Amino acid sequence: AQMNAVISGKQFTPGGATYNSVISGGRTWVQSNKTPDYYAISLLIDTEPAVALVTQEKYNRLNIHDMVQVKVRRTRIRGRLEVIELVII
């Protein structure tokens with residue numbers, strides 16, 4: 001479904017790396033996993049909160065209280081709104 005939403009917040013999480021010790025063949029070695037930067041936009045769709053991950057470009061263009069259009073679906077188990085796509089109006 002396509003709906004209108006209002007931006008209620010923004011959050012940037014810088015990327016980094018996590019490290020896991022792995023034992024293989026009796027030897028221990030460290031495996032690193034890189035994580036990307038995340039740009040999250042908090043939304044109010046009617047009165048229901050939701051979050052959309054967006055590109056850095058969209059994140060920089062959007063401000064709190066801006067109106068956007070979102071394509072959403074409901075999750076099966078909890079019935080929460082899941083944002084599939086965010087379009088700047």
Side-chain angles (χ1 to χ4, degrees):
Q2 203 149 359
M3 305 176 85
N4 290 329
V6 176
I7 296 175
S8 59
K10 295 169 64 172
Q11 182 176 351
F12 167 69
T13 304
T18 59
Y19 300 93
N20 301 317
S21 293
V22 178
I23 300 172
S24 178
R27 297 182 66 186
T28 303
W29 53 281
V30 176
Q31 180 180 24
S32 69
N33 296 311
K34 293 191 188 307
T35 56
D37 292 344
Y38 286 102
Y39 298 90
I41 301 292
S42 300
L43 304 163
L44 278 177
I45 303 169
D46 290 330
T47 59
E48 197 169 346
V51 174
L53 293 178
V54 296
T55 62
Q56 181 180 7
E57 178 192 356
K58 280 186 181 178
Y59 181 88
N60 291 336
R61 285 183 58 196
L62 294 168
N63 297 301
I64 294 175
H65 303 298
D66 283 356
M67 182 75 87
V68 293
Q69 212 169 52
V70 290
K71 190 182 289 184
V72 295
R73 65 178 171 207
R74 290 232 176 247
T75 59
R76 272 184 7 162
I77 295 175
R78 298 223 171 152
R80 293 184 179 167
L81 284 178
E82 179 180 31
V83 177
I84 301 168
E85 182 181 2
L86 182 143
V87 178
I88 298 172
I89 298 176

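For the numbers below, each heavy atom of this structure counts, side chains included, while hydrogens, waters and symmetry mates do not. No experiment lies behind these values; they were computed from the predicted model shown.
Gln11 contributes atom CD, which lies 7.0 Å from atom OG of Ser42 (distance to the nearest 0.5 angstrom). Taken from CD1 in Ile45 to OG in Ser8, the straight-line distance is 9.5 Å, to the nearest 0.5 Å. Atom CG of residue Asn33 and atom OG1 of residue Thr18 lie 4.5 Å apart, to the nearest 0.5 angstrom. A distance of 9.0 Å separates OG1 in Thr55 from CZ in Arg61, rounded to the nearest 0.5 Å.
For the pair Ile7 and Val68, the minimum side-chain heavy-atom distance is below 4.5 Å. Side-chain atoms of Val70 and Leu43, non-hydrogen and from C-beta on, do get closer than 4.5 Å to each other.
Through ILVMFWY side-chain contacts below 4.5 Å, Leu44 is grouped with nothing and stands alone.
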Which pairs would a plain distance check flag for residues 21-28, meaning a side-chain donor or acceptor within less than 3.5 Å of a matching protein atom at least two apart in sequence or in another chain?
none

Side-chain atoms of residues 77-89: list all donor-acceptor pairs with protein atoms under 3.5 Å, sequence neighbours left out, distances to 0.1 Å.
from: Glu82; atom 1: OE1; to: Arg73; atom 2: NE; distance (Å): 2.8
from: Glu82; atom 1: OE1; to: Arg73; atom 2: NH2; distance (Å): 3.3

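The stretch residues 15-34 participates, sequence neighbours left out, in no ring pair (Phe, Tyr, Trp, His ring centres under 6.0 Å) pair at all. Sorted by first and then second residue, the pairs that involve residues 39-60 and meet salt bridge (Lys or Arg N to Asp or Glu O under 4.0 Å), not counting sequence neighbours, are Glu48-Arg74. The stretch residues 67-89 participates, sequence neighbours left out, in no ring pair (Phe, Tyr, Trp, His ring centres under 6.0 Å) pair at all. Sorted by first then second residue, the ring pair (Phe, Tyr, Trp, His ring centres under 6.0 Å) pairs that include residues 44-89, not counting sequence neighbours, are Tyr39-Tyr59.
Checked by atom type and distance alone, the side chain of Asp37 pairs as donor or acceptor with a backbone atom of Gly15 at under 3.5 Å.
Partners of Gln69 by side-chain hydrogen bond (donor to acceptor under 3.5 Å, both in side chains), not counting sequence neighbours, listed by chain and number: Gln2. Not counting sequence neighbours, the partners of Pro36 by the side chain to side chain contact (heavy atoms under 4.5 Å, CB included) test are Tyr38. For Asn60, the side chain to side chain contact (heavy atoms under 4.5 Å, CB included) test picks out Gln56, with sequence neighbours left out.
Hydrophobic clustering (side-chain heavy atoms under 4.5 Å, transitive across Ile, Leu, Val, Met, Phe, Trp, Tyr) groups Phe12 together with Val54.
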